[in-house]
Amino acid sequence: MQNNLLAKAKGFDYVVVTGSTLVCSVLMFIYNVLIRRFVMPYDLGMFASVNLISVYMNYLQMGVLNSYARDYPQLLGQGNETEAKNLKDVVFTYITVLYLVSSVVVSLAILALLQLKKVSLPIAIGLMANTAFSLLTVIYSYLDNTLKSDKKFFYASMMQMLKTLAYILIGVLVITKFKYYGLLFTTGASFIIALALNFRELAGRRFRFDKKLLLRMVKDGLPLLVNGLVWTAMMSIDKFVILFFMTMEEMGVYSVALLGFSTIVIVPQSISQVFYINMSLRYGNNKDRKALMEIANTYNLYMSMFANYICVIAYFILPEFINAVMPLYSGGVTSCQILVIGVALYSTTLQYSNVLSVLKLNSKLLGGTIALSILTLLTTVTMVFLFGKKIENVAIGTSMAYAIYAFVLVFIVGKNLDTRVFVLIKCSVLPISISIFSILLFSGLFKSNFIGLALSLVSVTAGLYILYPEKMQELVKKALPHSGRIL
């Protein structure tokens, strides 16, 4: 079974999903660089701040979308087409009605705050726009999950590409002139275009309400949602700390540090999405836990080995790029490097979260995630009080939380799936530790980022050959078919 799923990983679905995600990421990277040449840090900080309401409104669905992402592909894997179609219709009805009503209610509350002069007009407009974006976001997420579960990976990838291209084209036309308001308009317009292009798919839905089904989905999905909410809160703590202790301008500068986060996790996340769907289909068919863990360990090992090179390149090249192309945001360079290190560890354990989700064991993560949220808050606030109101101190606390979470996740999986913790560490955290050691060593010895990059790449390659000689030779042989004579 492991060989069959690994063979799929080399197939068309993975190439399309990963390839389209990478292309979109590169395009968005270029776009984000471009807008930072026209939008001041204060405006970007304000935009990032009002966007938080959309992020948290995504959780109003009470875990129904979380259950849907797991249950729909499992029903298809079991061959229950009728139940799958009914589930699809009920979930669409639920999220559409819920978010239409909640968007109106929240917008009225924001208008009341504006009348009482508790918020400024630009902030009120941004908050109300983002309440509408929450409706568009959940429908887009629902549609994306449905298409991929139906194995329409190419169609889903094209939808992602068209949305990205629309976002960039509209943004280039309006942001240079309208700044903050242009950012808001671009976000909404890109979602509307993407959904409009999929009108036929959405038009096939039927409005159905099934109270018993929804209650069951809320019951099953609530642990998934609460864990996701707590995790989102943990990832937002750095932004809230900056907003509380600092200014909108520093919030805008800190946004460039998130380039480190996106650079590290984009490839593991994109491939992980496809693995998650295929694992749900497989597990729905045979209920084999051991096979799931074998797949997850193999995936994590290869991704961790590959992530070493992404981590090293991001750490040494992003600062040079930011200073050269986005000088207004150069104050976020150190924060970016700090986040790269912490997120690198986290990125190697993504598949273990998927295993727990497939097995409906996400509640096991909740206690650890809550504790980590509290730890993140305490760490970031303490760093600010002890060492000053600087975004670098906030980044240190956040990076520590990501790193600790990786180890906590490994221990939770090991305990609940009767797997040795050492095996899990060897397949996830250990490989990426080579790049972290190399970065800390050579960035301390040499001031030149290019020298540090070159030496770190050599060190990473040597370390991987020492720890995983067979895997490295296998990868080289696949990349260079004629290298067997040399090796």
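Scope of the values below: all heavy atoms of this structure, side chains included, with no hydrogens, waters or symmetry mates. Just so it is clear, the structure is predicted and the values come from calculations on it, not from any experiment.
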Is [X] atom [atom1] crowded by more than 12 heavy atoms from other residues, nucleotides or ligands, each under 6.0 Å away?
| X | atom1 | value |
| --- | --- | --- |
| Met246 | CE | yes |
| Lys390 | NZ | no |
| Tyr42 | OH | no |
| Met159 | CE | yes |

Is there a donor-acceptor contact under 3.5 Å from the side chain of [X] to the main chain of [Y]?
| X | Y | value |
| --- | --- | --- |
| Arg36 | Asn32 | yes |
| Tyr180 | Pro122 | yes |
| Ser141 | Val138 | no |
| Thr349 | Tyr346 | yes |
| Lys179 | Leu44 | no |
| Ser134 | Asn58 | no |
| Thr96 | Phe92 | yes |
| Tyr94 | Gln61 | yes |
| Asn130 | Gly126 | yes |
| Ser399 | Ala395 | no |

Begin from the C-alpha positions of Leu52 and Lys239 and carry the test side-chain contact (heavy atoms from CB on, under 4.5 Å) through to its verdict. CA-CA 9 Å; Leu52 289 171; Lys239 302 178 185 66; 4.0 Å; yes
Let me confirm one number: the [atom1]-[atom2] distance from [X] to [Y], rounded to the nearest 0.5 Å.
| X | Y | atom1 | atom2 | value |
| --- | --- | --- | --- | --- |
| Thr187 | Ile170 | OG1 | CD1 | 10.0 Å |
| Leu339 | Leu318 | CG | CG | 11.0 Å |
| Lys85 | Asn80 | NZ | CG | 15.0 Å |
| Ile432 | Met305 | CD1 | CE | 11.0 Å |
| Ile391 | Ser255 | CD1 | OG | 9.0 Å |
| Ile192 | Ile139 | CD1 | CD1 | 10.5 Å |

Which atom names give the shortest non-hydrogen contact between [X] and [Y], and what distance separates them?
| X | Y | result |
| --- | --- | --- |
| Val256 | Tyr329 | CG1-O, 3.5 Å |
| Pro431 | Leu301 | CG-CD1, 3.9 Å |
| Ala403 | Leu345 | CB-CD1, 3.5 Å |
| Ile193 | Ala166 | CD1-CB, 4.0 Å |
| Thr380 | Val394 | CG2-O, 3.6 Å |
| Val253 | Gly332 | CG1-N, 3.5 Å |

Any side-chain heavy-atom pair of [X] and [Y] under 4.5 Å:
| X | Y | result |
| --- | --- | --- |
| Tyr254 | Asp238 | yes |
| Val172 | Thr176 | no |
| Val104 | Leu100 | no |
| Met400 | Ile396 | yes |
| Val333 | Gln337 | yes |
| Leu215 | Met62 | no |
| Ser304 | Ser428 | no |
| Leu127 | Val50 | yes |

May I ask you to check whether Phe185 and Phe178 place their ring centers less than 6.0 Å from one another? no
Under the criterion side-chain contact (heavy atoms from CB on, under 4.5 Å), I'd like the reasoning laid out for Ile317 against Asn449: C-alpha separation, chi angles, the key distance, then a yes or no. CA-CA 7 Å; Ile317 294 300; Asn449 282 325; over 6 Å; no
Report yes or no: is the cationic atom of Lys88 (NZ for Lys, CZ for Arg) under 6.0 Å from the centre of the six-membered ring of Tyr72, at an angle within 45° of the ring normal? no
Looking at Tyr140, is Lys163 sitting on its ring face, NZ or CZ under 6.0 Å from the six-membered ring centre and within 45 degrees of the normal? yes
If we ignore angles and hydrogens, is there a donor and acceptor under 3.5 Å between the side chains of Ser236 and Tyr56? yes
After noting the C-alpha distance and the side-chain angles of Leu87 and Met217, does the key distance pass the side-chain contact (heavy atoms from CB on, under 4.5 Å) rule? CA-CA 10 Å; Leu87 179 68; Met217 294 185 75; 3.3 Å; yes
How far apart are the C-alpha atoms of Phe209 and Lys211, what are their side-chain angles, what is the distance that settles it, and do they pass the side-chain contact (heavy atoms from CB on, under 4.5 Å) test? CA-CA 6 Å; Phe209 186 80; Lys211 183 179 178 180; 3.9 Å; yes
Sorted by chain and number, sequence neighbours left out, side-chain hydrogen bond (donor to acceptor under 3.5 Å, both in side chains) with Thr146 holds for Tyr68
Looking at residues at least two apart in the chain, or sitting in another chain, which of them share a side-chain hydrogen bond (donor to acceptor under 3.5 Å, both in side chains) with Asn86? none
List the steps and the verdict of side chain to side chain donor-acceptor pair (under 3.5 Å) for Asn297 and Tyr352. CA-CA 8 Å; Asn297 283 333; Tyr352 294 144; 2.6 Å; yes
Between Tyr31 and Tyr167, what is the ring plane arrangement, given parallel below 30°, perpendicular above 60°, and tilted in between? perpendicular
